[in-house]
Engineer: 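I am attaching a structure below and will ask some questions about it afterwards.
None of the values given here were measured: they were computed from a predicted structure. Just so we're on the same page: letters track the sequence lines, and every chain starts at 1.
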Protein chains: 4
Amino acid sequence: MAEDGSARERILVAAEELFAELGFDATPTSRIAERAGVPKGLVHYYFRRKPDLLAALVQRLPSGAVDLGQVVVDGDVASSLAELVAVLDARSDASPLLSHLLWREADTHPDVRDALHERHRAVADQVRDVILAAGGPAVADKDVDSAAALVALAVSYRHSVARHSPDDDRLMDRELAFVAGALA
Amino acid sequence: MAEDGSARERILVAAEELFAELGFDATPTSRIAERAGVPKGLVHYYFRRKPDLLAALVQRLPSGAVDLGQVVVDGDVASSLAELVAVLDARSDASPLLSHLLWREADTHPDVRDALHERHRAVADQVRDVILAAGGPAVADKDVDSAAALVALAVSYRHSVARHSPDDDRLMDRELAFVAGALA
Amino acid sequence: MAEDGSARERILVAAEELFAELGFDATPTSRIAERAGVPKGLVHYYFRRKPDLLAALVQRLPSGAVDLGQVVVDGDVASSLAELVAVLDARSDASPLLSHLLWREADTHPDVRDALHERHRAVADQVRDVILAAGGPAVADKDVDSAAALVALAVSYRHSVARHSPDDDRLMDRELAFVAGALA
Amino acid sequence: MAEDGSARERILVAAEELFAELGFDATPTSRIAERAGVPKGLVHYYFRRKPDLLAALVQRLPSGAVDLGQVVVDGDVASSLAELVAVLDARSDASPLLSHLLWREADTHPDVRDALHERHRAVADQVRDVILAAGGPAVADKDVDSAAALVALAVSYRHSVARHSPDDDRLMDRELAFVAGALA
DNA sequence: AATGAATGAGACTTCATTCAT
DNA sequence: AATGAATGAAGTCTCATTCAT
């Protein structure tokens, strides 16, 4: 009975934070209950076993394609990509630690791995679509797929390991400019 | 006394494999002993605590700069980078799972994080040096740092998550070509 | 769920007995569980770490001053002291092995040492008060503190090492008489 | 290869110190070897099992009666007792921690218990002899045994728990004076 | 629906002791 | 005679999970 939201919700939030901080294995369910401010028994009442928590967390991944119209600036690939990254950043911020968590636990938990790969592919696809839409005929003969893969990689790294440090913000900008320049 | 190599060495190899497969926390020392073919007590005889195993593994990281003369093809950035990646791949193959392990455990274990960051920086530096050496005056006005950062990222991803799958080999080639093209 | 009393209580009783029999270090928690008739895990459920058991045992020490009116026979120091010793004996019998345990573990466990010293001082103070009350003006010029220290020592020894053997009962009586005689 | 004396001797000294500091059970043989400056194997080479060390230590107890002529001051019980205590102190100082150690481990190790009791009895006997020799006919009708028992107790306490603190030195003096006074 | 006491498997670690050299 | 690598038994403690209420 602490803070806000339903008990179930608070448990998920606590689990997300702790898994990301300590890792899945190193996080006791008792500690999740403690941070969520609920009795220990309730965690297993809602999520019979511990991996169920991870599964539930994966379900909550923000998904759905970004609306192209929202980010594409005709003829300006660099600005369009910057816009896309901003939208993806905002999404990631909504559940700040989840990306990180997934990256870490991808290996041991097949569910997580699949979700992570699907997401990565989706991001690469979106990057490609944005480049094609913004670049128009000018990029027809470029290797857009490689460009998209590199950008998607930079975004993943940013959301998982680097976490939008100011340094990383600058680097990201320059990388996007570099890629856009190559496509010009 | 089973199989090959000294007991200490076999323990390290077993630990490296299991940590990479299951993660550090999820790997019991008993299982390391089992895979190494030694009694449980011997693991703690050589490595008092479990994290000491991780530390010893980090010590074994292949290090040292790649000889520029060995990989640089004058005037051909794409080939030079491909050559550099090949050398780094070979090194990584010498301790195939270690890169992966580092990436995963970077967060919870400060030693490991530092080693990982240092390595990442070193790779980016090497990539930059190769580009400068191979590209000559032609790349003087390009954003070589961004190019190097992207390539280093692709290399890291390749050595940790993707693990040189044929698909990844193809993608890597195209990414290198793309970056080299942008620098031409 | 075996025998009588709450599980927590039975664990404490078992621990007290075993610590006194074998010593703190030489008593495995598993053996405490066994004697208490509870599963091993329950011992650590109630007392997270082993020293917590010792601390809990120290808490249970019978304490509080003896009522002077209850033991003092005016003008008869010997009888008064005998009465005091009888009351202290009865108290010690309520947790028969605890005194012994404290004496033994005093060195390695600071908590215990403090408790022991405090107790020892308290007993000496009581002895002195009884002597003063029973002796009246007759003892004003005697070294009552030394007398009290010697009696307190004899009591401690009796409760820890000697354990009220008939031999010790006789010796105690004579020692008290000797001290009382010296004060007459 | 450190310090003085034969290896065997250094092992015994190290064991005595560590047993007294940490207790018998809590002292690893490896640590004894370390403090003695000898290889770990040597400890078990000289003393096959750990309790053998305790047994050897008990053998080394300073023993033999104190020469009465050396301490008795005719007609002065107080001075005689003070002299006796000084001699016993000096002996105890020769192996400063041994008394303490014995007291602690008496319970669990029958050898030790017996040695301790024998010693205690010997001290009480000596005290009685000194009182009789120094007091002469004047003490014939006193309870010398009780007096001796109390003094022996104070000496034991002093050598085991109190360890000659300045406070204890003062207390001891007064206790001896008190007892001597009672016998006058 | 919710709770927290209870359980037991298993993790890490220590250490006396053995033994080949 | 001396050594230090090697062993395995045992100890403390953690924790996911169950279950009676």
Engineer: For C:Ala56, what residues pass the side-chain contact (heavy atoms from CB on, under 4.5 Å) criterion, not counting sequence neighbours?
Structural biologist: C:Leu12, C:Phe47
Engineer: Do the charged groups of C:Arg35 and C:Glu21 touch, with an N to O distance under 4.0 Å?
Structural biologist: yes
Engineer: Could you tell me the separation between the CD atom of C:Glu34 and the C1' atom of E:dG8, rounded to a whole number of Å?
Structural biologist: 16 Å
Engineer: Judged by atom type as modelled, is there a donor-acceptor pair below 3.5 Å linking the side chain of C:Ser92 to the main-chain atoms of C:His159?
Structural biologist: no
Engineer: Base, backbone or nothing for each nucleotide of nucleotides 13-21 of chain E, written B, S, -, heavy atoms under 4.0 angstrom, 5' to 3'?
Structural biologist: BBSSBB---
Engineer: Using ring pair (Phe, Tyr, Trp, His ring centres under 6.0 Å) as the criterion, list what pairs up with C:His44, not counting sequence neighbours.
Structural biologist: none
Engineer: Nearest whole Å is fine: how far is F:dA9 C1' from B:Leu42 CG?
Structural biologist: 16 Å
Engineer: Suppose we screen for salt bridge (charged side-chain N to carboxylate O under 4.0 Å, His left out). Which residues come up paired with C:Arg60, at least two apart in sequence or across chains?
Structural biologist: C:Glu9
Engineer: What's the CG-C1' distance between C:Leu53 and F:dG11, to the nearest Å?
Structural biologist: 15 Å
Engineer: How long is the line joining CD1 of A:Ile32 and P of E:dT3, in whole Å?
Structural biologist: 16 Å
Engineer: Give each stem of DNA chain F as a range with a range, requiring at least 3 consecutive Watson-Crick or G-U wobble pairs whose two distances are under 3.5 Å.
Structural biologist: E:2-21 with F:2-21
Engineer: Holding to ring pair (Phe, Tyr, Trp, His ring centres under 6.0 Å), I want the full list of residues that pass it with B:Phe24, two or more places apart in sequence or in another chain.
Structural biologist: B:Phe19, B:His109
Engineer: Just to verify, what does D:Tyr46 make a side-chain contact (heavy atoms from CB on, under 4.5 Å) with, not counting sequence neighbours?
Structural biologist: D:Ala7, D:Arg8, D:Ile11, D:Leu42
Engineer: According to salt bridge (charged side-chain N to carboxylate O under 4.0 Å, His left out), who are the partners of A:Glu34, at least two apart in sequence or on a separate chain?
Structural biologist: none
